[in-house]
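I have placed the structure first, in the form of structure tokens, so that the comments after it can refer back to it.
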Amino acid sequence: AQSVTQPDIHITVSEGASLELRCNYSYGATPYLFWYVQSPGQGLQLLLKYFSGDTLVQGIKGFEAEFKRSQSSFNLRKPSVHWSDAAEYFCAVGGFGTGRRALTFGSGTRLQVQP
Amino acid sequence: DAEITQSPRHKITETGRQVTLACHQTWNHNNMFWYRQDLGHGLRLIHYSYGVQDTNKGEVSDGYSVSRSNTEDLPLTLESAASSQTSVYFCASSDRGLGEAFFGQGTRLTVV
């Protein structure tokens with residue numbers, strides 16, 4: 001069965017500092033990986049996705065993520081955090097094939113940004 | 001613009017009542033999903049559909065049902081609401097194959 005682990009429940013960074021959110025996955029085939037962001041009271045917005053090819057993917061709002069197959073990881077990074085980045089971030093995994101098109105989500109990491 | 005809408009946004013119901021949450025998408029997506037979001041659990045899959053007349057159980061399907069009579073709608077029914085079903089419910093859709101999932105704004109359901 002597929003699963004996603006986000007080890008950090010809550011992270012606090014200072015505005016302007018760099019950010020890395022961790023994500024580890026378990027999947028029996030080539031995974032399709034996603035990062036979503038959720039602002040309070042809102043739905044989820046896609047930040048970026050990895051399907052194949054270049055293991056470093058760029059997303060919206062200055063975010064990037066690196067797929068490392070050997071480590072089963074897909075960590076999200078941003079070089080300089082803005083106060084508006086405070087939100088909850090979810091990593092998700094999915095794939096082709098019957099039963100694999102539904103995404104499995106991690107439990108989320110809540111990001112707090114200090115001025 | 002295409003979108004996915006959920007209604008109602010907030011609902012309070014009593015234990016034992018039947019409740020239906022609506023989800024409507026104008027993306028013309030084949031895949032539709034229902035998730036519930038609870039603190040510490042992230043989003044957990046309740047039911048999903050890959051097309052008209054197709055429905056499948058997800059990780060936490062007990063007490064819930066769905067039906068897919070057209071491409072645009074996937075209503076979620078709680079047969080007999082329980083306090084454990086107090087949660088925020090999200091509907092999502094994606095294109096055939098695997099594209100990213102697009103989410104509605106969520107429905108906050110409270111069962112008292």
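- Heavy atoms of other residues, nucleotides or ligands lying less than 6.0 angstrom from CG of Leu56(A) number more than 12.
- Residue contact with chain B, scored on non-hydrogen atoms closer than 4.5 Å, involves the side chain of Gln38(A) exclusively.
- With a threshold of 4.5 angstrom between heavy atoms, Gln37(B) approaches chain A through side-chain atoms but not through N, CA, C or O.
- Hydrophobic clustering places Val111(B) together with Trp34(B) (ILVMFWY residues linked when any side-chain heavy atoms are closer than 4.5 Å, directly or through intermediates).
- Heavy atoms closer than 4.5 Å to chain A are found nowhere in Arg108(B), neither backbone nor side chain.
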side-chain contact (heavy atoms from CB on, under 4.5 Å) between Leu44(A) and Phe102(B), worked out | CA-CA 8 Å; Leu44(A) 279 73; Phe102(B) 294 83; over 6 Å; no

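- Residue Leu39(B) holds its CG atom at 9.5 Å from OG of Ser107(A), rounded to the nearest 0.5 Å.
- Side-chain heavy atoms closer than 4.5 Å link hydrophobic residues (I, L, V, M, F, W, Y) into clusters, and following such links, even through other members, never connects Leu109(B) to Tyr35(B).
- The hydrophobic cluster containing Tyr25(A) also contains Leu21(A), counting ILVMFWY residues as joined when their side-chain heavy atoms lie under 4.5 angstrom apart, directly or transitively.
- Note on Val37(A): it clusters hydrophobically with Ile60(A), by side-chain heavy-atom contacts below 4.5 Å among ILVMFWY residues.
- The contact between Leu43(B) and chain A is made by backbone and side chain atoms together, counting heavy-atom distances below 4.5 Å.
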Evaluation steps, side-chain contact (heavy atoms from CB on, under 4.5 Å), between Glu100(B) and Tyr36(A) = CA-CA 10 Å; Glu100(B) 64 263 33; Tyr36(A) 284 84; 3.9 Å; yes

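- The hydrophobic clustering, which links ILVMFWY residues whose side-chain heavy atoms are closer than 4.5 Å, places Val57(A) and Phe63(A) together.
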